[in-house]
Amino acid sequence: MKVIGKQKNSKMCIICGMDNPIGLKAQFYNMEDESVMTIFKYREEHQSFPKRVHGGLIATMLDELGLRALWAKNSNYEYGVTLSMEVKYRKPVPYNEVIIGRGLVKKESSKFIVIDTELFDKKGNLLANAEVKYIKMDISKITQEVTPHDEMCYLIEDDVKEINFEIE
């Protein structure tokens with residue numbers, strides 16, 4: 001699927017924070033179908049049992065894909081907080097292997113968003129998915145510590161033009 005844009009990364013987010021030494025440093029791409037996608041790898045320090053990623057970190061990525069899916073659809077940085085999330089763990093998620101994440105807005109109103117998010121292995125096997133519900137909220141009601149401009153400050157250019165399965 002064709003990439004049409006790239007989203008910014010933050011400083012310290014566990015998922016996208018470029019300054020977070022234990023974070024995933026995941027990059028997010030706006031896709032031609034208004035979804036968001038990412039290609040990343042969990043590391044050994046993200047495990048629960050050997051060879052398996054901790055379920056909480058799987059859910060954290062599914063949650064991150066949610067709000068970023070709204071940004072991919074609307075291309076204006078609206079914010080919100082998670083109201084609920086129903087996660088289904090389909091197969092063990094390995095670390096040190098390519099994982100592809102995808103989020104797509106399912107329903108949106110002036111106050112609420114429902115988003116389907118998914119994690120796949122590089123062959124396209126579904127590993128985990130979630131339905132995530134958010135309430136839209138002004139960023140000043142979420143945090144007064146930093147502004148989005150200060151925190152979401154990294155745009156890392158690369159040559160990713162398409163995201164498909166069978167990625168090395």
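All figures in this text were calculated on a predicted structure; none of them were measured in a lab. Every heavy atom of this structure was used, including side-chain atoms; hydrogens, water molecules and symmetry mates were not.
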Between Asn74 and Glu34: side-chain donor-acceptor atoms closer than 3.5 Å: no
field: Atom CD of Glu86 with >12 non-hydrogen neighbours under 6.0 angstrom
entry: no
Same apolar cluster: Leu104 and Leu83, side chain cutoff 4.5 Å
no
Heavy-atom nearest pair, Leu126 first then Ala128, reads CD1-O, 3.5 Å
Between the NZ atom in Lys11 and the SG atom in Cys16, the distance rounded to the nearest 0.5 Å is 12.5 Å
Before you tell me yes or no, could you show the steps for Lys41 and Val98 under side chain to side chain contact (heavy atoms under 4.5 Å, CB included), namely the whole-Å CA-CA distance, both residues' side-chain angles and the distance that decides it to 0.1 Å? CA-CA 5 Å; Lys41 290 182 181 181; Val98 170; 3.7 Å; yes
Separation between CD1 (Ile115) and CG (Leu62), nearest 0.5 Å, reads 11.5 Å
Notebook entry, point to check: Do Val53 and Ile22 share a hydrophobic cluster (ILVMFWY, side-chain heavy atoms under 4.5 Å, transitive)?
Noted result: yes
ask   = Checking Thr82 side chain against Ser84 main chain: does a donor-acceptor pair fall under 3.5 Å?
value = no
- Does Ile58 reach the side chain of Leu119, with side-chain heavy atoms less than 4.5 Å apart? yes
- Message: Could you tell me if the side chain of Lys133 sits less than 4.5 Å from the side chain of Lys107, heavy atoms only?
- Response: no
Quiz prompt | Close side-chain approach of Val3 to Glu162, heavy-atom, < 4.5 Å | solution = no
| N-O pairing of Glu108 and Lys136 below 4.0 Å | yes
Separation between CZ (Phe120) and CD1 (Ile99), nearest 0.5 Å, reads 11.0 Å
When you check the gap from the basic side-chain N to the acidic O, do Arg102 and Asp33 get nearer than 4.0 Å?
yes
Using a strict threshold of under 4.0 Å (side-chain N to carboxylate O), is an ion pair present between Lys106 and Glu131? yes
*Indicate yes or no: at least one non-hydrogen side-chain atom of Tyr42 is less than 4.5 angstrom from one of Met61.*
yes
Closest heavy-atom pair, Tyr89 versus Ala59, reported as atoms and distance to 0.1 Å, is OH-CB, 3.7 Å
query: Would you call Met31 and Val36 a side-chain contact if the rule is heavy atoms closer than 4.5 Å?
result: no
message: Whether the side chain of Arg43 engages the backbone of Gly23 through a donor-acceptor N/O pair (distance < 3.5 Å, no angle test) should be reported.
response: yes
dist Thr60:OG1 -> His54:NE2 (nearest 0.5 Å) comes out at 9.5 Å
From CA spacing to verdict: side chain to side chain contact (heavy atoms under 4.5 Å, CB included), Met18, Cys13:
CA-CA 8 Å; Met18 299 309 291; Cys13 172; over 6 Å; no
Here the pair of heavy atoms bringing Gly66 nearest to Tyr134 is CA-OH, 3.3 Å
task = Apply side chain to side chain contact (heavy atoms under 4.5 Å, CB included) to the pair Tyr29 and Lys6, showing each step before the final yes or no.
result = CA-CA 4 Å; Tyr29 301 88; Lys6 188 151 186 210; 3.6 Å; yes
dist Thr38:OG1 -> Ile15:CD1 (nearest 0.5 Å) comes out at 9.0 Å
message = Set out, in order, the CA-CA distance, both residues' side-chain angles and the distance that settles side chain to side chain contact (heavy atoms under 4.5 Å, CB included) for Val93 and Arg52, then state yes or no.
response = CA-CA 6 Å; Val93 176; Arg52 292 176 179 237; over 6 Å; no
Nearest heavy-atom contact between Gly101 and Phe40 is N-CE2, 4.5 Å
| request: State plainly whether one hydrophobic cluster holds both Leu70 and Tyr79, where clusters connect Ile, Leu, Val, Met, Phe, Trp and Tyr through side-chain heavy atoms under 4.5 angstrom apart. | output: yes
Exercise. Is there a path of hydrophobic side-chain contacts, each under 4.5 Å between heavy atoms of I, L, V, M, F, W or Y residues, that connects Leu24 with Phe28?
Worked result: yes
Scanning both residues in full, the closest heavy-atom pair of Pro94 with Leu127 reads CD-CD1, 4.3 Å
Output for pair (Ile113 CD1, Lys73 NZ), nearest 0.5 Å, gives 9.5 Å
Subject >> pair Ile135-Val81: side-chain heavy atoms closer than 4.5 Å >> reply: yes
Determine whether Ile14 and Asn20 make a side-chain contact, defined as any pair of heavy atoms from C-beta on separated by less than 4.5 Å. yes
Assess, by modelled atom type and distance only, whether the side chains of Arg90 and Asn129 contain a donor and an acceptor separated by less than 3.5 Å.
yes
Heavy-atom nearest pair, Met1 first then Glu32, reads CG-OE2, 3.5 Å
Cluster check Ile39, Ile4: I/L/V/M/F/W/Y, side chain < 4.5 angstrom: no
Worksheet item: Does Met37 reach the side chain of Ile100, with side-chain heavy atoms less than 4.5 Å apart?
Response: yes
- Message: Within the 3.5 Å criterion, strictly below it, is a donor on Arg68 or Gln7 matched to an acceptor on the partner's side chain?
- Response: yes
